[in-house]
Number of protein chains: 2
Amino acid sequence: MTDQLDTVFAALADPTRRTILSMLLEDDMAVTDVAEPFEMSLAGISKHLAILAGAGLITQEKRGRVKWCKLEPDAMRAASIWMQGFGQFEPVNLDAFERFLEAELRGAPTAPSETARQGD
Amino acid sequence: MTDQLDTVFAALADPTRRTILSMLLEDDMAVTDVAEPFEMSLAGISKHLAILAGAGLITQEKRGRVKWCKLEPDAMRAASIWMQGFGQFEPVNLDAFERFLEAELRGAPTAPSETARQGD
DNA sequence: AGTATATTCAACCATCCGGTTGACGATTGA
DNA sequence: TCAATCGTCAACCGGATGGTTGAATATACT
């Protein structure tokens, strides 16, 4: 019964999952490769991917023993239209978007780049 | 530490809260009036409003003993831009938005219209 | 003053969520 | 065949979430 908007927004509410989505913007990735930059167990990432898949934001195709993850941006369409209806924000400001991505990928606590590698 | 995107998306993930936001599109409302159509305790609605306020999606101003809730659509801007970056969805399709709103307000399980419909 | 209205607080409950570890099935390859 | 790799499953944990009820606070009305 949970609306599509429910699952999409809920999936996007987690910074790890948003980071994964932005990683997948560049290319399809195997689960292990998605997990590699994170300081989290593979099973944890696997769960996040399942949530993203459940929301339709990615699809996963198994070839051999490797499961490939592919971004499905169309799943955001409904949610995006819903939001735009409120603010009528300027359409598709790619500059702003890239700034966001950079900030998330670099500075975010879940970001894969230069986190304090504690307990490793 | 939780990102603004975290709180905004999390706030939007709940259908009751989305319905409240669309109600506030038409006008500012008192807490009691917001709660009236819902099959939920006033305290429950009050909590939802607090979450919306925490995400910046609404502001609440107390005049007398009435607390007025006002939509703050700008709080969606960052999240909206983030999403648009993925799909580059057609800009501001108001028709689609109104269809969404109608569907949510009428058919959704949390929709305020037909209060008797609960025990399915 | 006394009562009604508007809203929140506090405690409580069940469930979900994000994460872990360890075992497991499946596939690859030496 | 045996071992390594890929990924999920199951059980568990602590903390957040969504909801309730009942008391408390603040304002308004008569």
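Order of the sequence lines fixes the chain letters, A, B, ..., with proteins taken first and strands second; residue numbering starts at 1 for each chain.
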With a 4.5 Å limit on heavy-atom distance, are the side chains of A/Arg17 and A/Leu57 in contact?
no
Atom CZ of A/Arg18 to atom C1' of C/dG18: distance rounded to whole Å?
15 Å
Between B/Ser41 and D/dG19, is there a side-chain N or O to OP1/OP2 distance below 4.0 Å?
no
For B/Ala50, which contact category applies under a 4.0 Å heavy-atom criterion: base, sugar-phosphate, or nothing?
nothing
Measure the distance from CG on A/Asp14 to C1' on D/dT17 and round it to the nearest whole Å.
15 Å
Side-chain contact test, heavy atoms from C-beta onward, threshold under 4.5 Å: evaluate it for A/Pro37 versus A/Met23 and give yes or no.
yes
Using whole Å, report how far CE of B/Met29 lies from C1' of C/dA6.
14 Å
Quickly work out the B/His48 NE2 to C/dC9 P distance and round it to whole Å.
16 Å
C/dT7, OP1 or OP2 - any side-chain N/O from B/Ser46 closer than 4.0 Å?
no
B/Lys47 NZ - D/dA16 C1' separation (whole Å)
11 Å
Write down the distance between CD (A/Glu61) and P (C/dA26), rounded to a whole number of angstrom.
19 Å
Considering only heavy atoms from C-beta outward, does the side chain of B/Leu49 approach that of B/Lys67 to under 4.5 Å?
no
Among C/dG18, C/dT7, D/dG7, which nucleotide has an atom closest to any side-chain atom of A/Leu42?
D/dG7
Just wondering, do A/His48 and A/Val34 contact through their side chains at under 4.5 Å, heavy atoms?
no
I need a per-nucleotide contact map over nucleotides 22-30 of chain D, read 5' to 3'. Cutoff is protein heavy atoms under 4.0 Å; write B for the base, S for backbone only, - otherwise.
-----BS--
Among the nucleotides C/dA6, C/dT8, C/dG18, whichever has the atom closest to the side chain of A/Ile51 is C/dG18
Which heavy atom in A/Leu21 sits nearest to a heavy atom in B/Trp82, and how many Å separate them?
CD1-CH2, 4.0 Å
A/Pro15 vs B/Leu5 side-chain heavy atoms within contact, under 4.5 Å
no
Taking the side chain as every heavy atom from C-beta outward, state whether B/Met83 and A/Gln84 have any atom pair closer than 4.5 Å.
no
Nearest listed nucleotide, side chain of B/Met40, among D/dT8, D/dT20, C/dT8:
D/dT20
Value in whole Å for how far the C1' atom of C/dG18 lies from CZ of A/Phe38
14 Å
Starting at atom CD1 of B/Ile45, determine the distance to atom C1' of D/dT17, rounded to an integer number of angstrom.
15 Å
